[in-house]
Chemist: 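The following block contains the structure, expressed as structure tokens.
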Amino acid sequence: HVLTLPFIARADQAANPVAVKLLQLMASKQSNLCVAADVTSASQLISLAESTGPYVCVFKTHIDIVEDFSPQLIQDLLAVAQKHNFLLMEDRKFSDIGHTVSLQYSKGIHNISSWADLVTVHSVPGEGVITGLKSAVPNLQRGCFIVIEMSSAGNLTTSSYITLSTLSKWLSYECVVTASMEICEKHPDFVAGVVCQSPNIVQNPGLVQLTPGVSLDCLNDGPLGQQYHSPEDIIMSRGADIAVVGRGITQATDPIQAAQEYRAKLWAVYEKRVSS
Ligand code: 6AU
């Protein structure tokens, strides 16, 4: 079963070159922690990458929130990624027609395709969104994560309550998951994994499950809608391979200590899962 297979064995089964690298890196670095660097200045971004870099497998950015963005920031980020051996994911959540996303990916001041190993993408536009992204990087080793389920309260991607009155909602949700997984299977060279909240969506051991909404001490962020779960819940019950932690680290009094603590706890649960 995919959940009990060690990352290193899954690396051999991944078709996307970034997924292979990621699974190998997770095994060698003993980290299934992705930090969500939702910070708004270049200096904060670099200092977070420097301080948490030794403990993470993926450093996830929202580059469009950086107020003093410059191409130099990307050079600095790439240098820190190389120094601490982690991958860069730009959480752009592409969600337009193929032609438009190919431009959003490879043009504009952020020039995402030139530096981000991984990007996130919504499956809502259909297969063309993947074809569009792929067309922008014919000669680069790049990968994407397809967002299938979201962590926010009231999201439209849940099947939690299967009663007669919600049956149609549940059926359409099942269609979204099935269709999204079909897109994954059709583009194994580019899809590295999925972003979701439930186990059993990922059946292919070569795909990586990324799951946000992780905190050691919060349940939610009030009206903003985020919903948090413990490392145990995220890795064991929800099937995450990589857990995304944002404010649990970025807003901690000591982000380095928080990153160490999340890394250790998340890795211990993964070890328990593969030995069960
Ligand atoms: O730990 P937090 O709540 O401070 O940050 C969670 C991070 C944010 C979100 O943009 C992202 O995870 N996220 C995603 C991703 C990774 O695609 C999907 C989702 O369903 N929920 C979510 O919070 O950077």
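Each ligand, and each atom within it, is numbered from 1 in the order the structure gives. Given the structure is predicted, the values throughout are model-derived calculations rather than measurements.
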Chemist: Side chain, backbone, both or neither: which part of Asn155 has a heavy atom under 4.0 Å from ligand 1?
Modeler: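 Looking at Asn155 and ligand 1, no heavy atom falls under 4.0 Å.
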Chemist: Nearest to atom 10 (O) of ligand 1, what protein heavy atom do you find, and at what distance?
Modeler: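 For atom 10 (O) of ligand 1, the nearest protein heavy atom is His62 NE2, 2.9 Å.
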Chemist: Which atom names give the shortest non-hydrogen contact between Gln13 and Asn204, and what distance separates them?
Modeler: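 The answer is O-OD1, 4.5 Å.
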Chemist: Among all the protein's non-hydrogen atoms, which is closest to atom 16 (C) of ligand 1, and how far away is it?
Modeler: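 Of the protein heavy atoms, Asp91 OD2, 3.4 Å lies nearest.
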Chemist: Measure the CD-OG distance between Gln226 and Ser151 for me, rounded to the nearest 0.5 Å.
Modeler: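 If I round to the nearest 0.5 Å, the distance is 3.5 Å.
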Chemist: Tell me which protein heavy atom sits closest to atom 23 (O) of ligand 1, plus the residue, atom name and distance to 0.1 Å.
Modeler: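 Looking only at protein heavy atoms, the one closest to atom 23 (O) of ligand 1 is Gln226 NE2, 2.8 Å.
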Chemist: Checking a contact table here: which protein heavy atom is nearest atom 12 (O) of ligand 1, and how many Å away?
Modeler: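 Protein heavy atom at minimum distance: Pro212 CB, 3.5 Å.
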Chemist: Between Asn220 (side chain) and Gln227 (backbone), is there a donor-acceptor pair under 3.5 Å?
Modeler: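 A pair under 3.5 Å: no.
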Chemist: For ligand 1, which atoms, with element, lie under 4.0 Å from some heavy atom of Tyr228?
Modeler: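 What qualifies from ligand 1 is 1 (O), 2 (P), 3 (O), 4 (O).
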Chemist: In terms of ring plane angle, is the pair Phe7 and Trp267 parallel, tilted or perpendicular, where the classes change at 30° and 60°?
Modeler: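 Phe7 vs Trp267 ring planes: tilted.
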Chemist: Below 3.5 Å, N or O to N or O, backbone or side chain included: is there any such pair between Gly213 and ligand 1?
Modeler: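 Min N/O separation from ligand 1 is not below 3.5 Å for Gly213.
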Chemist: Could you check atom 24 (O) of ligand 1 against the protein and tell me its nearest heavy-atom contact, residue, atom and distance included?
Modeler: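 Minimum-distance protein heavy atom for atom 24 (O) of ligand 1 reads Lys60 NZ, 2.8 Å.
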Chemist: Check this for me - ligand 1, Arg247, N or O atoms closer than 3.5 angstrom, yes or no?
Modeler: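 Checking ligand 1 against Arg247, an N or O pair does fall under 3.5 Å apart.
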Chemist: If you measure only the distance, is there a donor-acceptor pair under 3.5 Å linking the side chains of Glu90 and Thr61?
Modeler: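 The criterion, which ignores hydrogens and geometry beyond distance, is satisfied for Thr61 and Glu90.
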Chemist: Hey, does Gln251 sit under 4.0 Å from ligand 1 if you only count heavy atoms?
Modeler: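 So Gln251 does not count as touching ligand 1.
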Chemist: Mark up the atoms of ligand 1 that fall under 4.0 Å of a heavy atom belonging to Asp38, in ascending order.
Modeler: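 In order of numbering, the contacting atoms are 8 (C), 24 (O).
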Chemist: Atom CZ of Arg142 and atom CG of Leu133: how far apart are they, to the nearest 0.5 Å?
Modeler: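 Reported value, rounded in 0.5 Å steps: 12.5 Å.
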Chemist: Going by the atom numbers of ligand 1, which of them fall below 4.0 Å from some non-hydrogen atom of Met150?
Modeler: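 Checking each atom against Met150, I get 18 (C), 19 (C), 20 (O).
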Chemist: Would you say ligand 1 has an N or O under 3.5 Å from any N or O of Thr120?
Modeler: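 The answer is no, given that Thr120 and ligand 1 share no N or O pair closer than 3.5 Å.
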Chemist: Is a side-chain donor-acceptor pair under 3.5 Å present for Thr120 with Asp91?
Modeler: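 Checked: Asp91/Thr120 side chains pair up, N/O donor to acceptor below 3.5 Å.
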Chemist: Does a donor on one side chain sit under 3.5 Å from an acceptor on the other, for His84 and Glu50?
Modeler: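 A pair is found: one side chain offers a donor N or O, the other an acceptor, under 3.5 Å apart.
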Chemist: Do Val191 and Asn16 come close enough that some side-chain heavy atom pair is under 4.5 Å?
Modeler: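 Val191 does not reach Asn16 side chain to side chain.
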Chemist: Nearest protein heavy-atom contact for atom 1 (O) of ligand 1: which residue, which atom, what distance?
Modeler: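 Answer for atom 1 (O) of ligand 1: Gly246 N, 2.9 Å.
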Chemist: Any N/O of Gln197 closer than 3.5 Å to an N/O of ligand 1?
Modeler: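 Not met; the criterion fails.
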Chemist: Nearest non-hydrogen atom to atom 21 (N) of ligand 1 belongs to which of Ala36, Cys218, Ser151?
Modeler: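 Looking at heavy atoms only, Ser151 sits closest to atom 21 (N) of ligand 1.
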Chemist: Taking atom CZ of Phe190 and atom CD1 of Ile146, what is their separation to the nearest 0.5 Å?
Modeler: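 One finds 9.5 Å between CZ of Phe190 and CD1 of Ile146.
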Chemist: Numbering the atoms of ligand 1 from 1, which are under 4.0 Å from a heavy atom of Lys93?
Modeler: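 Answer, ordered by atom number: 10 (O), 14 (C), 15 (C), 17 (O), 18 (C).
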Chemist: To the nearest 0.5 Å, what is the distance between CZ (Phe86) and CG (Leu33)?
Modeler: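 Separation between the atoms: 11.5 Å.
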